[in-house]
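Heads up: the structure comes next, in structure tokens.
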2 protein chains.
Amino acid sequence: MAGLQRYMAVLRLFGEAQGTWTVLDMAEALGVPQSTVYRTVRDLLTAGLLETSADALYRLGPAFIEFDRLTRLTDPLMRAGAGVLEQAVAQAQLPCVGLLSRLYGDEVMCIADRASTDAHFRPSYERGRPMPLAQGATSKVILARLPARRLAKMLGAAHAPLKSELALIRRQGFCVGRGEIDRGLAGLAAPIVCEEAGLVASLSLVVEADRLDAFTQSRLVLMLVSAAAMIENALGENAPPACGLLLPEGEAVSGAD
Amino acid sequence: MAGLQRYMAVLRLFGEAQGTWTVLDMAEALGVPQSTVYRTVRDLLTAGLLETSADALYRLGPAFIEFDRLTRLTDPLMRAGAGVLEQAVAQAQLPCVGLLSRLYGDEVMCIADRASTDAHFRPSYERGRPMPLAQGATSKVILARLPARRLAKMLGAAHAPLKSELALIRRQGFCVGRGEIDRGLAGLAAPIVCEEAGLVASLSLVVEADRLDAFTQSRLVLMLVSAAAMIENALGENAPPACGLLLPEGEAVSGAD
DNA sequence: TTTTAAATTCTCATTTTTTGGGAAAATTGA
DNA sequence: TCAATTTTCCCAAAAAATGAGAATTTAAAA
């Protein structure tokens, strides 16, 4: 192993399952001699990507927090969508968590989440957590807008059974799922697509399933679809959105009923 | 340049001043041939540390968001301090922003911030933004608890004039500053030190300066000092704090008046 | 579509790093 | 203080990065 891979292989060890590692354990896990790992770790330390913990343990370093902030300031989806996300949560008028998510390799990752003050639950989707492609409204609504070729490559065998469902979602322009990810919760999602930025993402709302009657559902879907359209516009203009009101006149709300 | 440095040099170009770069500009800025930069960028792309933007531009990638989340889950200061931070902001009973900050190389970085719902201002300190060492209560309270040797090395010539001020802060056990960072705002900070974790940090509160009368100041300082002590305890036990109440009986609040 | 320019990858001999095994040094704990 | 652990250092062989330009791909314009 060489170059960046060597460093990433070490960093990827530090996950939810195990947040701190000794050099010995890293060497064993990677099948690489200790002296090599020591050198690699030393480089990562000076870069701030790792830092020393107690007892010869190491953990992820503060450089990630610094770069994460720059990401927040830089990412066009975040810039275009943060304000709309906040408004969407406010206008939902019920306990909910709003999410802004996007493709990340072969998974979907939430890049911004916002809970209403009265939301006493937390969905599995949260900022920075990669999630499976084929489950939940948040992900499916993204899949449904992906070029067929790319989709086939990503899903492989799992593609066939989803095909007709995704076609429907694409035609509808939104997706609602109940308990697909978290039992007792429901997700509502609308796609955000920006050709020129090569970006396929989604705006979604997670609510308690038993609060989601037919009327509420159609109200929220309408709002989401129009909010997503606002983000798309803002992305096109490459500037933060005006977004005074969330349901402006004459939006093209394709199939949102 | 070789190894990690080569990659970090590229990543460090992406800052607040310029969030997107072409390969040509990177090559020029680094004084390295294009073909080399292309290779480096390609590696960073596959790692998710960079991603392509429109028009042959590149920007920081989503891997940072992913690792940032792991940091949130892993970092002992964050784990021990997040709950207390939230409570401190709630108990302040006035518009404020609470901060949890720590040393990061030769700077101080906020690693968690929390604004009260009625706070309509934002301090310069924010999660992930490195700040100067020698300005503001948040930083000074950290400096004051640093070993003299380390301090001298970090500050160099700037050390002498600060010396007596830092000695006072150390004796007091807290620090209050007005308008040192942001005009019209005031910062109150208490140190968090954990020898065994080799950690020097601070818990601070930013409020509007004109709301900070003598009585409010001493109330907030008392609360902060005691909250910081709770975090220290939690760090020692290496577990999330119990923290039912914020001003428990019999805390050793050295010099907090 | 064809043309043109720009962006990106590729090639390859040379130079520079990395590698890994073990010794040495530094640090830590008892 | 001593012993165990952690970390750095050393060095020759092996592997990888470098850079200049050519070749290819992609995107935009005519």
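All of these numbers come straight from a predicted model, not from anything done at the bench. Below, chain A is the first sequence line, B the second, and so on; all start at residue 1.
- Within 6.0 Å of CD in A/Q18 there are more than 12 heavy atoms belonging to other residues, nucleotides or ligands.
- Look at B/R6 and you'll find a side-chain N or O under 4.0 angstrom from OP1 or OP2 of D/dT18.
- Minimum atom distance to the side chain of A/R42 is reached by D/dT8, of the listed D/dT18, C/dC10, D/dT8.
- The number of heavy atoms from other shown groups lying within 6.0 Å of CD (B/E28) does not exceed 12.
- Panel note: side chain A/D113, backbone A/R127; a donor-acceptor pair is recorded below 3.5 Å.
- Of the side-chain N and O atoms in A/Y58, one or more sit less than 4.0 angstrom from OP1 or OP2 of D/dT7.
- For the pair A/G3 and A/Y38, nearest-nucleotide mapping onto DNA chain D gives the more 5' position to A/Y38.
- Projected onto DNA chain C by closest heavy-atom contact, A/D43 and B/V23 fall at different nucleotides, the more 5' of which corresponds to B/V23.
- Between A/L30 atom CG and C/dG20 atom C1' the separation is 15 Å, expressed in whole Å.
- Comparing B/T36 and A/Q34 by the nucleotide of DNA chain D that holds the closest heavy atom to each, the one mapping nearer the 5' end is A/Q34.
- Summarising the geometry, the separation between CG on A/L50 and C1' on D/dT6 is reported as 16 Å, rounded to the nearest angstrom.
- Comparing C/dT8, D/dA17, C/dG20 by their closest approach to the side chain of B/A56 singles out C/dT8.
- Between B/L44 atom CG and D/dA17 atom P the separation is 13 Å, expressed in whole Å.
- In this structure, OH of A/Y7 is placed 13 Å from C1' of D/dA17, rounded to the nearest angstrom.
- Closest approach to the A/R39 side chain among C/dT19, D/dT7, D/dA16 is made by C/dT19 (side chain taken as heavy atoms from C-beta onward).
- The pair B/E66-A/R12 meets the salt-bridge criterion, with a side-chain N (NZ, NE, NH1 or NH2) lying under 4.0 Å from an Asp/Glu carboxylate O.
- Nearest-nucleotide assignment on DNA chain C puts the 5′-proximal partner with B/L24, out of B/S35 and B/L24.
- Distance B/L45 CG to C/dT8 C1': 11 Å, rounded to the nearest Å.
- The pair B/D68-B/R72 meets the salt-bridge criterion, with a side-chain N (NZ, NE, NH1 or NH2) lying under 4.0 Å from an Asp/Glu carboxylate O.
- What separates CG of A/D25 from P of D/dT6 is a distance of 10 Å, to the nearest Å.
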